[in-house]
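Below you'll find the structure, written out as structure tokens, and then a few comments.
Keep in mind that this is a model prediction, so the values were computed, not measured.
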Amino acid sequence: MKKIEIKKHIMTGISFFLPIVVGSGMLLAFGNILGGSSIENFSEGFSLADIMTTMGGYGLGALPMIVATAISYSIADKPGIAPGLIVGFVAQGINTGFLGGVISGFLAGYITALFIEKVKVPSWMQGLMPTMIIPTFCSLIAGLIMFYIIGSPINWFTDMIMNFLGNLDRNSLFVYGAIIGILASIDYGSAINKTVFAFVFALFSEGVYEPITVLILVSMITPFGLTAAYFLGKLVNKNVFDKQDIETLKTAFPMGIVQITEGVFPIVLKNLPVHMLATGIAGAVAGGLSMLWGADSHVPASGMIAMITMTKPLAFLGALLIGTLVHAIAVILLLPKKNPNELEIINEEEEVDVSWDEIKITEV
């Protein structure tokens, strides 16, 4: 059986993209707070806030490529960089989002490692391996899998979700909001969230504001809920975060205030199924209450800033607080206790050049 060491490679990916998440997220947060917008035409002039918003958007938009490259590198060393980056672009292009980037990184990395182990070339072709043969063929193989095996089902699934949402009974307000809340929150801004956004934005354009308010709210649930779990854990004597998680919360929470979810990725990727469950539960409660109480943002984003446009801001705030508490309780109940002084993230060894023949998938 192959030892694939998924957690090790995810942790390496975290170590690579964490500074980019933090730097980009804070730029975007400050830009949004100052009223900035993404620059579409550089010849029309722009402000400092616009620059920060645009730079932050560029950085966060590149996360699928970054995490794919980092994971592929962790698996296959330097030969994995080019396939990881190229297939990460594929993940972005077929709208699989950050989680698609994680999948593409594993695909590119293991295909590259297996290619190096199994494919032997004549000595006169050795010089072409790193610059042409490995990047070309490994990228092609992993890309074909992404397009045909992963991308097509995801596109089919997102179409199914769009049809499902369109057929929901809007008179059952709590259930309607709960379903939107679950779907908009559980993949942290990836393909499902984008599908839900397209649906609720269409309603927003017709003057129906409550559904998009649910999406705004549940996009904030995870950073708020994890932060609340840290403090609640102190009260019940059950800490569920390591040292790196606690440092991550210091930036994830302020990013969450302006509806930037990406700051939580270094935490949720360590135990994705459990975190998705906690997020889904909280998203259902918060989304259902928000819809039931009629919270109505008149802007399609911006997190807490959107409250100034609402006719019922207290409904939004109440749903957010209850959803945050539910998320915190779920996290504490579902996650194991951790040492807050322990640093789980992997320390990279000093980089050395290795022979391609030495890159193998460990047999156990």
Side-chain angles (χ1 to χ4, degrees), residues 29 32-33 35 161 164-189 192-229 231-232 252-261 263-264 276-332:
N32 286 344
I33 290 171
I161 289 175
F164 172 72
L165 289 171
N167 293 322
L168 286 175
D169 181 5
R170 299 184 190 180
N171 295 318
S172 301
L173 292 178
F174 184 88
V175 175
Y176 187 59
I179 293 173
I180 293 176
I182 293 170
L183 295 174
S185 63
I186 57 171
D187 70 343
Y188 308 104
I192 300 175
N193 174 276
K194 288 179 172 61
T195 302
V196 177
F197 178 81
F199 175 79
V200 297
F201 186 77
L203 296 175
F204 176 84
S205 301
E206 298 173 0
V208 181
Y209 303 121
E210 290 82 3
I212 206 165
T213 308
V214 171
L215 185 140
I216 293 171
L217 191 156
V218 299
S219 297
M220 303 161 61
I221 281 293
T222 305
F224 278 46
L226 290 175
T227 304
F231 293 103
L232 184 60
F253 179 75
M255 289 166 63
I257 291 174
V258 287
Q259 199 189 332
I260 302 171
T261 312
V264 304
M276 289 178 69
L277 177 59
T279 298
I281 294 170
V285 173
L289 292 175
S290 176
M291 182 69 70
L292 184 65
W293 293 341
D296 57 340
S297 172
H298 290 238
V299 295
S302 298
M304 297 295 290
I305 299 173
M307 286 181 64
I308 62 176
T309 72
M310 299 179 191
T311 59
K312 297 181 179 180
L314 292 180
F316 178 87
L317 185 61
L320 178 61
L321 291 174
I322 293 172
T324 296
L325 181 60
V326 169
H327 189 281
I329 293 172
V331 165
I332 290 174

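- With a 4.5 Å cut-off on side-chain heavy atoms, D169 and V175 do not count as touching.
- How far CD1 of I212 is from CZ of F199: 11.5 Å, rounded to the nearest 0.5 Å.
- Nearest heavy-atom pair across F164 and I179 is CE2-CG2, 3.5 Å.
- Considering only residues two or more places apart in sequence or on other chains, T213 meets the side-chain hydrogen bond (donor to acceptor under 3.5 Å, both in side chains) condition with none of them.
- To the nearest 0.5 Å, the span separating CE on M276 from CD1 on I186 amounts to 4.5 Å.
- The line from CD1 of I192 to CG of D187 is 4.5 Å long, rounded to the nearest 0.5 Å.
- Listed by chain and number, the residues in a side chain to side chain contact (heavy atoms under 4.5 Å, CB included) with T279 are S185, Y188, T222, H327 (sequence neighbours excluded).
- In this structure, Q259 and L215 have side chains that are in contact, with non-hydrogen atoms separated by less than 4.5 Å.
- Between G280 and I182, the shortest heavy-atom contact is O-CG1, 3.5 Å.
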Pair L320, I221 - check side-chain contact (heavy atoms from CB on, under 4.5 Å), show working.
CA-CA 7 Å; L320 178 61; I221 281 293; 4.2 Å; yes

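- In this structure, CG on L217 lies 12.0 Å from CD1 on I180, to the nearest 0.5 angstrom.
- Counting only heavy atoms from C-beta outward, the side chains of F204 and V200 never approach each other to under 4.5 Å.
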side-chain contact (heavy atoms from CB on, under 4.5 Å) between T309 and Y209, worked out
CA-CA 11 Å; T309 72; Y209 303 121; over 6 Å; no

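- N193 and S219 get closest at one heavy-atom pair: ND2-OG, 4.1 Å.
- Of the inter-residue distances, the one linking S302 atom OG with I33 atom CD1 reads 10.0 Å to the nearest 0.5 angstrom.
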Solution key, residues 292-299 side-chain donor-acceptor pairs under 3.5 Å, sequence neighbours excluded:
residue	atom	partner	partner atom	Å
D296	OD1	T311	N	3.1
D296	OD1	T311	OG1	3.0
D296	OD2	T311	OG1	2.6
S297	OG	V299	N	3.2
S297	OG	V299	O	2.6

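- Taking CG of N32 as the start and CE of M255 as the end, the distance is 11.0 Å to the nearest 0.5 Å.
- In terms of heavy-atom proximity, A278 sits nearest to A330 at CB-CB, 3.8 Å.
- Closest non-hydrogen pair, A229 versus V331, comes out as CB-CG1, 4.1 Å.
- The side-chain heavy atoms of E210 and S290, taken from C-beta on, include no pair separated by under 4.5 Å.
- Put simply, the side chain of L183 reaches to within 4.5 Å of the side chain of L165, judged on heavy atoms.
- Between F253 and F224, the two ring planes are tilted [angle within 30° to 60°].
- L203 approaches Y176 most closely through the heavy-atom pair CD1-OH, 3.6 Å.
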